[in-house]
Amino acid sequence: MKAAVFHKPGDISYDTVEDPKIEEGSDVILKVTSTAICGSDLHIYDGGIPQAKDLIMGHEFMGVVEEVGPAVKNLKRGDRVVVPFPIACGHCFFCTHGASPHCENSNHEHYGPNGDLLDQKGGALFGYTDLYGGYSGGQAEYVRVPYADVSPRIVPDNMTDEQVLFLTDIFPTGWSAIDWAQLKGGEVVAIFGSGPVGLMAQKAAWINGASRVIAIDPLDYRLKRAKEVNKVDTINPNKVDPIEAIREMTGGRGADVCVDAVGFEAERNMLEKLKATLNFEKGSSKVLENCFKAVRRGGTVTVVGVYGTPYDNFPVHRMFDKGITIKQGQAPVLNYIDHLIELVKQEKVVLDDIISHKLPLSEVAHAFDIFKNKQDECVKVVLKPHGM
Ligand code: NAD
Ligand code: ZN
Ligand code: ZN
């Protein structure tokens with residue numbers, strides 16, 4: 001079959017690889033009809049998260065069940081499903097305590113309680129490096145889905161792939177960022193990053209009762225998209241001080257909730273890059289630190305942007321003085337997906353209005369280039385492995 005294969009940083013190509021096979025009785029093989037590139041894929045693409053061996057990329061995908069392992073009960077050939085990105089066994093301590101991204105059984109080699117830089121990670125993710133289980137991903141014509149009775153969800157026939165594809169990751173991720181803050185209604189929510197994840201958090205904030213949603217991003221074309229599709233207020237941090245602007249919008253107090261939907265690969269100036277080099281830090285925690293400044297006293301900061309390394313001078317003093325609540329991590333997609341499918345079915349939310357590009361999978365190298373380098377007003381790319 002054909003698939004998008006990571007070889008080394010900056011090098012992802014459309015290659016011929018071996019077809020996936022049923023390996024465990026609980027597997028299915030999916031024929032992938034649509035897949036997307038995530039901001040998290042960029043951490044592998046640019047070397048921020050290491051991967052030594054070739055790897056089939058992709059953790060946002062959906063398709064039609066092609067082959068079913070003998071132990072699978074809930075799916076049959078021909079079922080059309082979306083597949084959440086964490087690989088979860090469904091019966092371990094974490095899977096039964098609402099924390100499926102920490103599954104104890106899916107990541108055989110690198111699982112552990114420590115959460116270190118290069119070992120002791122949580123559960124496995126599709127197409128997301130050997131550290132996260134080394135499973136082949138779904139930017140491919142076919143993909144093996146383990147524990148197939150646990151995570152895949154059947155989607156309505158009358159909905160297009162594009163309408164439901166983002167239930168695999170970015171909508172549940174944006175939803176997590178807001179759910180973790182437990183809005184009561186009327187809150188001002190400031191969302192740093194207006195990429196695909198930030199855009200989904202904006203949608204979730206409105207649905208959960210925010211009175212004002214503010215998007216912060218240095219890219220004007222992404223702020224324009226946010227205004228158009230989600231009717232948010234916008235701040236470009238390269239034009240105005242975002243902390244001052246948020247305080248001005250909130251009577252000097254700060255936002256009730258700040259969301260970090262950027263992570264460690266935030267845009268940085270030369271001085272910030274120099275500091276990181278001297279401290280052996282990858283990227284920076286500047287967006288998270290901005291969240292601590294911009295949130296009001298007693299407010300909540302949630303973090304869905306990825307952080308992979310420690311940072312010196314982390315402002316724990318500000319967290320303490322302001323009494324900030326913080327919650328973060330990989331999105332527990334399984335906790336939300338059934339509710340979120342209902343929202344989509346009932347047309348309470350539209351997800352496909354963030355798509356800027358639809359391309360055949362054969363153009364994956366170009367797709368990574370424009371998404372990474374923010375070219376051609378790229379916001380979200382959907383790839384089609386079997387023709388458009
Ligand atoms: P993206 O790269 O398309 O979006 C990031 C956005 O942040 C860009 O629009 C960029 O211009 C903006 N940005 C850069 N510096 C900024 C700054 N200083 N202030 C404000 N905005 C800034 O990626 P994405 O797909 O939207 O993903 C965002 C993050 O979420 C990534 O770190 C990704 O790995 C992570 N993610 C986490 C989960 C999870 O389960 N927690 C799931 C999916 C993605
Ligand atoms: Zn993702
Ligand atoms: Zn488990």
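Computed from a prediction, not measured in an experiment: that's the story for all the values here. Only this structure's heavy atoms are used, side chains among them; waters, hydrogens and symmetry mates stay out. Whatever order the structure lists them in is the order used to number ligands and atoms, beginning at 1.
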Scan side-chain atoms only and decide if Asn238 and Glu267 contain a donor-acceptor pair under the 3.5 Å cut-off. yes

Does Lys374 come within less than 4.0 angstrom of ligand 1, counting non-hydrogen atoms of the residue? yes

Without hydrogens or angle criteria, can the side chains of Tyr132 and Asn107 be said to hold a donor-acceptor pair below 3.5 Å? no

A student checking ligand 1 against Phe85 at a 4.0 Å heavy-atom cut-off should list atoms 40 (O)

His43: numbered ligand 1 atoms lying under 4.0 Å from its heavy atoms: 31 (C), 32 (O), 33 (C), 34 (O)

Show your reasoning for whether salt bridge (Lys or Arg N to Asp or Glu O under 4.0 Å) applies to Glu60 and Lys380. CA-CA 12 Å; Glu60 298 183 7; Lys380 187 75 176 175; 2.8 Å; yes

Any heavy atom of Ile170 sitting closer than 4.0 Å to ligand 1? no

Ligand 1 to Phe371, heavy atom cutoff 4.0 Å, flagged ligand atoms 3 (O)

Could you say whether the N/O atoms of Val306 and ligand 1 ever approach to under 3.5 Å? yes

How far is atom 40 (O) of ligand 1 from the closest protein heavy atom, and which atom is that? Ala331 N, 2.8 Å

For ligand 1, which atoms, with element, lie under 4.0 Å from some heavy atom of Cys38? 43 (C), 44 (C)

His43 and Glu265 side chains, donor-acceptor separation under 3.5 Å: yes

Validate the cation-pi geometry between Lys374 and Phe371: distance from NZ or CZ to the six-membered ring centre under 6.0 Å, angle to the ring axis within 45°. yes

Heavy-atom nearest neighbour in the protein, as seen from atom 26 (O) of ligand 1, with distance rounded to 0.1 Å: Val197 N, 3.0 Å

Side chain or backbone of Phe264 under 4.0 Å from ligand 1, or both, or neither, by non-hydrogen atoms? neither

Can you see whether Lys2 engages Ser362 through a side-chain donor-acceptor pair at a distance of less than 3.5 angstrom? no

Sorted by chain and number, protein N/O/S atoms nearer to the Zn ion (ligand 2) than 2.8 Å are Cys38 SG, His59 NE2, Asp169 OD2

Polar proximity ligand 1 side, Val379 side, N/O cut 3.5 Å exclusive: no

So the atoms of ligand 1 within less than 4.0 Å of a heavy atom of Leu219 turn out to be 11 (O)

Subset of ligand 1 atoms that lie under 4.0 Å from at least one heavy atom of Val304: 30 (O), 35 (C), 36 (N), 37 (C), 38 (C), 39 (C), 41 (N)

Around the Zn ion (ligand 3), how many protein N, O or S atoms are closer than 2.8 Å? 4

Do we see a donor-acceptor contact under 3.5 Å between the side chains of Ser34 and Asp161? yes

Which of the atoms of ligand 1 are close to Gln330, meaning less than 4.0 Å from one of its heavy atoms? 39 (C), 40 (O), 41 (N)

Just by distance, with hydrogens left out, do Ser13 and His7 show a side-chain donor and acceptor under 3.5 Å apart? yes

for atom 10 (C) of ligand 1, nearest protein heavy atom and its distance come out as Asp217 OD2, 3.5 Å

Regarding Asp169 and His59, do their side chains bring together a donor and an acceptor under 3.5 Å, going by distance alone? yes

Under 4.0 Å to a heavy atom of Glu267 - the qualifying atoms of ligand 1, by number: 14 (C), 15 (N)

Whether the Asp220 and Asn236 side chains hold a donor-acceptor pair (N or O, under 3.5 Å, no angle test) is what I'd like checked. yes

For ligand 1 and Pro196, I'd like to know whether there is a polar contact (N/O to N/O, distance under 3.5 Å). yes

Kindly identify the option in Asp41, Asp169, Asn290 whose heavy atom sits closest to atom 43 (C) of ligand 1. Asp169

Taking 4.0 Å as the limit for heavy-atom contacts, which would you say applies to Val287 with ligand 1: side chain only, backbone only, both, or neither? side chain

Check the side chains of Asp260 and Tyr307 for a donor-acceptor pair under 3.5 angstrom, ignoring hydrogens and angles. yes

What protein heavy atom sits nearest atom 23 (O) of ligand 1, and how far away is it? Gly39 CA, 3.4 Å

Is the closest heavy-atom distance from Pro101 to ligand 1 below 4.0 Å? no

Among Ile216, Ile354, Val333, which one has a heavy atom closest to atom 20 (C) of ligand 1? Ile216

Counting only heavy atoms closer than 4.0 Å, does ligand 1 sit against the backbone of Ala261, its side chain, both, or neither? backbone

Nearest non-hydrogen protein atom, atom 1 (P) of ligand 1: Arg222 NH1, 3.6 Å

Taking atom 36 (N) of ligand 1 as the reference point, the nearest protein heavy atom with its distance: Ser40 OG, 3.4 Å

Do any nitrogen or oxygen atoms of Pro218 come within less than 3.5 Å of a nitrogen or oxygen of ligand 1? no

